[in-house]
Number of protein chains: 2
Amino acid sequence: MKLSTRGRYGTRLMLQLAANYGKKTPLPLTEIARREEISVKYLEQLIIPLKAAGLIESRRGAHGGYVLAKDPDEITIGQVLQILEGNISPVPCVKDPSFCIKYETCNTRKLWETMDKAISKSVCEMTLKEALSA
Amino acid sequence: MKLSTRGRYGTRLMLQLAANYGKKTPLPLTEIARREEISVKYLEQLIIPLKAAGLIESRRGAHGGYVLAKDPDEITIGQVLQILEGNISPVPCVKDPSFCIKYETCNTRKLWETMDKAISKSVCEMTLKEALSA
DNA sequence: TATTTATCCTTCCGGTTTAGTAGGAAAAAA
DNA sequence: TTTTTTCCTACTAAACCGGAAGGATAAATA
């Protein structure tokens with residue numbers, strides 16, 4: 001039960017943008033790629049859904065780059081993971097009952113719900129700002 | 001970040017054995033397969049590591065089957081998942097620092113540790129007995 | 001205006017993991 | 001000796017993961 005590189009790299013990407021928040025110049029992917037040792041090409045892929053979700057704004061051309069669209073304390077790690085990994089619940093049925101035909105009689109459902117809540121809580125209560133200062 | 005069928009089916013398997021705990025006859029996989037609608041062949045595969053870990057004992061031949069080797073309140077969901085899924089931490093580096101070359105400078109490590117603890121706690125504090133009665 | 005620096009857009013691909021299936025051997029009970 | 005069951009070793013189709021490739025478009029600068 002692992003996060004993929006999308007979630008992990010994407011979080012690092014977002015923390016770099018959070019650290020740059022408030023500065024005059026946007027942060028280009030080339031710079032993030034250098035700091036985090038991740039290829040620009042892969043970062044380009046990860047940033048698309050983050051931008052589509054309205055968490056990021058971009059400026060094209062020379063001296064361009066990306067900036068957070070919101071304050072770092074208004075974005076949670078949970079949001080970022082949700083966008084990049086999809087639903088982060090440990091089992092599909094918790095968020096989508098139609099997934100399982102045995103939904104009513106399943107002896108493990110409440111168990112997964114307990115687990116799901118623990119995960120959601122840990123990650124939705126933490127903002128980029130808090131993650132940075134930790 | 002999903003559990004695979006190994007972890008999910010294996011937990012259902014263990015809960016069936018927990019429900020049978022104390023009864024005179026062991027529970028055969030054919031019966032578990034019928035109740036849970038999982039093929040015997042796949043259950044056979046899942047039960048191997050559980051037995052190897054000492055959570056289960058087997059009896060061969062007619063009227064054979066499996067029984068828990070311990071009381072249901074001495075086995076946690078966390079143990080079961082650990083055996084079937086391997087390490088359930090959301091990122092590899094939390095349990096194995098050598099995995100990551102950026103370990104010292106990583107801005108996300110503490111974040112994953114927080115998440116890891118929340119998951120471990122939720123799942124290691126719940127025993128089969130509790131899961132059954134929930 | 002030409003060049004450089006960026007984002008933006010579409011496509012492809014090899015490797016690994018997942019979720020099983022297949023076929024039988026060995027043991028124990030009836 | 002037949003049936004029921006565990007035990008053991010392979011095999012595989014499909015999905016997913018982790019990127020790389022190649023260029024188009026836009027903005028700043030010289």
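As a basis for the values below, the full set of heavy atoms in this structure was taken, side chains included, without hydrogen atoms, waters or symmetry mates.
One atom, NZ of B:Lys2, and another, C1' of D:dA15, lie 15 Å apart when rounded to the nearest Å. Here C:dC8 presents its C1' atom at 15 Å from CG of A:Leu50, a figure rounded to the nearest Å. One interatomic measurement links the two molecules: CD1 of A:Ile56 to C1' of C:dA6, which rounds to 15 Å at whole-angstrom precision. Distance A:Leu13 CG to C:dT7 P: 11 Å, rounded to the nearest Å. One can place CZ of A:Arg59 at 12 Å from P of C:dC8, the figure rounded to the nearest angstrom. Rounded to whole Å, the distance from CD on A:Gln45 to C1' on C:dT11 is 10 Å. Rounded to an integer number of Å, the gap from A:Leu3 CG to D:dC16 P is 17 Å. In this structure, CG of A:Leu84 is placed 15 Å from C1' of D:dG19, rounded to the nearest angstrom.
Contact annotation: A:Thr5 side-chain N/O to D:dC17 OP1/OP2 distance is not under 4.0 Å. OP1 or OP2 of C:dC8 has at least one side-chain nitrogen or oxygen of A:Tyr66 nearer than 4.0 Å. For the OP1/OP2 pair of D:dG18 and a distance below 4.0 Å, the side-chain nitrogens and oxygens of A:Ser4 include at least one atom meeting the criterion. The phosphate of C:dA19 (OP1 or OP2) has no side-chain N or O of B:Tyr9 nearer than 4.0 angstrom.
A residue-by-residue look at B:Ile48 and A:Glu85 shows that B:Ile48 has its nearest nucleotide of DNA chain D further toward the 5' end. Of the two residues contacting DNA chain C, namely A:Ala62 and A:Ser58, the nearest-nucleotide position lying further toward the 5' end is that of A:Ala62.
Of the candidate nucleotides C:dT7, C:dA22, D:dA20, C:dT7 has the atom lying nearest to any side-chain atom of A:Glu44. Here the nucleotide nearest the side chain of B:His63, chosen from C:dA30, C:dG23, D:dA21, is C:dA30.
As judged by a 4.0 angstrom heavy-atom cut-off over every strand, B:Lys51 is placed among residues touching the sugar-phosphate backbone only. Residue B:Leu29 is classed as a sugar-phosphate contact, given heavy-atom separations below 4.0 Å to backbone atoms only. A:Ile47 comes within 4.0 angstrom of no nucleic acid atom, judged by non-hydrogen atoms across all strands.
The shortest side-chain heavy-atom distance between A:Asn107 and B:Thr11 does not fall under the 4.5 Å cut-off.
No salt bridge links B:Lys117 with B:Glu113; every basic N to acidic carboxylate O contact stays at or beyond 4.0 Å. The residues B:Lys129 and B:Asp71 are annotated as not salt-bridged, no charged nitrogen and carboxylate oxygen being separated by less than 4.0 angstrom. The pair A:Glu31-A:Arg34 meets the salt-bridge criterion, with a side-chain N (NZ, NE, NH1 or NH2) lying under 4.0 Å from an Asp/Glu carboxylate O.
The base of D:dG22 is paired with the side chain of A:Lys41 by a donor and an acceptor separated by under 3.5 Å. The base of D:dT25 sits within donor-acceptor range of the side chain of A:Arg60, with an N or O pair under 3.5 Å.
A donor atom on one side chain and an acceptor atom on the other are not found under 3.5 Å apart for A:Ser4 and A:Tyr9.
Here the closest non-hydrogen pair linking A:Leu46 and A:Gly10 is CD1-N, 3.9 Å.
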